[in-house]
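These notes are about the structure you will find just below.
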Amino acid sequence: MPKALQPHPDRALPAGAARDVARRIHASTKDLPLLCLHGHVDIGLFATDAPFGNPAELLVVPDHYVTRMLVSQGVSPDKLGLPRRDGKQSAEPREIWREFCANWHLFLGTPSRYWLEHEFAEVLGLTVHPSAETADELYDQISQRIAEPDFRPRALLDRFNIELISTTDAATDDLAQHAKLAADLPGRVVPTFRPDAVAHVDRDGWPALIAQLGALADVDTSTYDGFLQAIRQRRQAFIAAGARATDHGHLRAAAVPLSDAEAQRIYTGALKGDVTPEDAQAFAGHMLYQSAVMSAEDGLVMQLHPGVLRDHDPAIFATYGPDQGHDIPVATEFTRSLRPVLERFGHVEGFRLVLFTVDETVYSRELAPLAGVYPAVRLGAPWWFLDSPDGMRRFREFVTETAGFYNMSGFVDDTRAYLSIPARHDLARRIDAGYLADLVVQHRLDEDDALQVAKALAYDLARDTYLT
């Protein structure tokens, strides 16, 4: 008989004396609306509101947590449907799904397993675990489910209780799809301004991007001053479209300004294709600083998540292109890197800097102390490799004693896997309920305060950080 799929009602809650308290705390937050303000769901899902294609395209191919685990066990990316640069046909969707189901055991102990079980049972209504034997049955059941009208992307906003969701959009995005959504679903889906591609002058095709930026902003970008003006114009276009934040994924946290002359020199050389790695790195740090200047002017929340070496495997990059999940964390320094920004803006009303990391060694050493002294700084939720049950628990343990609870951004999921959003918020709320329950049974916090903090972490702080 296939193994039944029945997620336990107490999953991820603590054992022992704290469990009953944790149950009550979780019950107080589990139905709160979701604020998804650091998201990467494709805007096209909402703009077209078309039915999801098939189970593989929905649950396997776009989920880097899933594909990287399978690749790590020797499964070819071709078998997982990763699109190739050369356009050659990849595996058929049903074959991709069979490969995933046959390797379901690989996800034991991972957050992916938790999220997927939640999706399968509570979103899709499945009752058996994936396996080689159940793959076709599940494929057919999911295909039938996602063809139903109440499973369209926009309908799921209501079903998931998503109050507001942001997408991540390049500085060169024309925002046409957001304009359509603003008319159809006002105030539900907003863009986030991500200028990384135009801030890194050594990227392939950078001069063409700068020309595109200038055309969209109707500004001459042949000069550095024109480039800055175009960035400001695009930020205003994003704000008009409802944007609340910017997003910066630099390798380093360094935000060190250059002189105007030096910035102009690097910029002019880069337009001609003449730029050194050292100059590119310096210009990227300079643009982080300039982004802080602009956020202090226009009020967009500045989100920074450094410390990831992108596209680590050159063979995967060459065959399948960028952003295929082959990104590896590196040690990251914040204290000195952000000093120029915080010296100038750390106490400026209206400037907000949300810091994320994949290097948890800096939680108690750097990030909690920074958030514990500068009014502008909020700590972003644990994300990417750290949005696991134990990772989120460690985050609370490392930062709370220095930064408290109210210097956090609240939980905002970081995912492009749309169906996993409720599961991610539910897991975060369960982990916080367990952490707070432990404080209650240790008589370090009374239960009324724990209930108030739980609501803040699940909802209030995200609203305060991004929407006020």
Gap between atom NE2 of His64 and atom NE2 of His326 - 0.5 Å precision: 9.5 Å
Donor-acceptor contact below 3.5 Å, side chain Asp359 vs main chain Thr332: yes
Matching residue for Gln303 among Arg378, Arg194, His38, His248 - test: side-chain contact (heavy atoms from CB on, under 4.5 Å): His38
Arg424 side-chain N/O to Asp413 backbone N/O, donor-acceptor pair under 3.5 Å: no
Inter-residue atom distance Leu457.CG - Ser409.OG, 0.5 Å rounding: 9.5 Å
Whether Tyr289 and Phe345 hold their rings parallel, tilted or perpendicular, with breakpoints at 30° and 60°: tilted
Arg352 vs Tyr466 side-chain heavy atoms within contact, under 4.5 Å: no
Side-chain ion pair, Arg11 and Glu122, N-O less than 4.0 Å: yes
Salt-bridge contact Arg232-Glu297 (side-chain N to carboxylate O under 4.0 Å): yes
Enclosure of Glu397 CD (heavy-atom neighbours >12, cutoff 6.0 Å): yes
Pairing of Asp42 and Arg416 as salt bridge, 4.0 angstrom limit: no
Nearest-0.5 Å distance, CG of residue Leu35 to CG of residue Asp464: 11.5 Å
Check: Asp49 main-chain N/O paired with Arg154 side-chain donor or acceptor under 3.5 Å: no
Side-chain heavy atoms of Trp115 within contact of Asp387, under 4.5 Å: yes
Candidate pair Asp220 and Ser222, rule side-chain hydrogen bond (donor to acceptor under 3.5 Å, both in side chains), full reasoning: CA-CA 6 Å; Asp220 179 6; Ser222 63; 2.8 Å; yes
Side-chain heavy atoms of Ile431 within contact of Arg396, under 4.5 Å: no
4.5 Å side-chain heavy-atom contact, Tyr418 and Pro153: yes
Backbone N/O of Asp173 and side chain of Arg234: donor-acceptor pair under 3.5 Å: yes
Centroid separation Phe107 to Tyr65 less than 6.0 Å: no
Donor-acceptor pair, side chain of Thr29 and main chain of His26, under 3.5 angstrom: yes
Aromatic ring pairing Phe411/His425, orientation class (parallel under 30°, perpendicular over 60°, tilted between): perpendicular
Crowding at CG, Asp274 (>12 non-hydrogen neighbours, <6.0 Å): no
Thr168 side chain vs Gly39 backbone, donor-acceptor pair below 3.5 Å: yes
Over 12 foreign heavy atoms within 6.0 Å of CZ, Arg310: yes
Check against side-chain contact (heavy atoms from CB on, under 4.5 Å), Asp438 and Arg393: CA-CA 11 Å; Asp438 280 340; Arg393 175 77 185 206; 2.6 Å; yes
Ring-face cation of Arg265 near Tyr224 (centre distance under 6.0 Å, axis angle within 45°): no
Polar side chain donor-acceptor pair, Asp169 to Thr167, under 3.5 angstrom: yes
Test of ring centre spacing under 6.0 Å for Trp383 and Phe395: no
Close side-chain approach of Ser291 to Met302, heavy-atom, < 4.5 Å: yes
Contacts of type side-chain contact (heavy atoms from CB on, under 4.5 Å), residue Ala376, not counting sequence neighbours: Phe351
Sidechain-backbone polar pair: Arg159 side chain, Ala155 backbone, donor-acceptor under 3.5 Å: no
Ser337 (side chain) donor-acceptor with Phe334 (main chain) under 3.5 angstrom: no
Flag if over 12 foreign heavy atoms under 6.0 Å of NE2, His312: no
Derivation of the side-chain contact (heavy atoms from CB on, under 4.5 Å) call for Leu419 and His118: CA-CA 9 Å; Leu419 264 61; His118 183 116; over 6 Å; no
Distance (rounded to the nearest 0.5 Å) between Thr357 OG1 and Tyr363 OH: 6.5 Å
Given Val219, Leu213, Asp218, Leu216, the one that forms side-chain contact (heavy atoms from CB on, under 4.5 Å) with Gln233: Val219
Asp446 side chain vs Asp449 backbone, donor-acceptor pair below 3.5 Å: yes
Within 6.0 angstrom of Arg23 CZ, more than 12 heavy atoms from elsewhere: yes
Gap separating the CG atom of Leu164 from the CG atom of Leu185, nearest 0.5 angstrom: 11.5 Å
Close side-chain approach of Val41 to Ile421, heavy-atom, < 4.5 Å: yes
Heavy atoms from other residues, nucleotides or ligands near CD of Glu349 exceed 12 (cutoff 6.0 Å): no
Pair Tyr320-Asp313, side-chain donor/acceptor within less than 3.5 Å: no
Evaluation steps, side-chain contact (heavy atoms from CB on, under 4.5 Å), between Thr192 and Arg244: CA-CA 7 Å; Thr192 294; Arg244 309 299 304 186; over 6 Å; no
Value rounded to 0.5 Å, distance of CZ in Phe52 from CG in Leu58: 5.5 Å
N/O donor-acceptor pair under 3.5 Å between Thr110 side chain and Arg113 backbone: yes
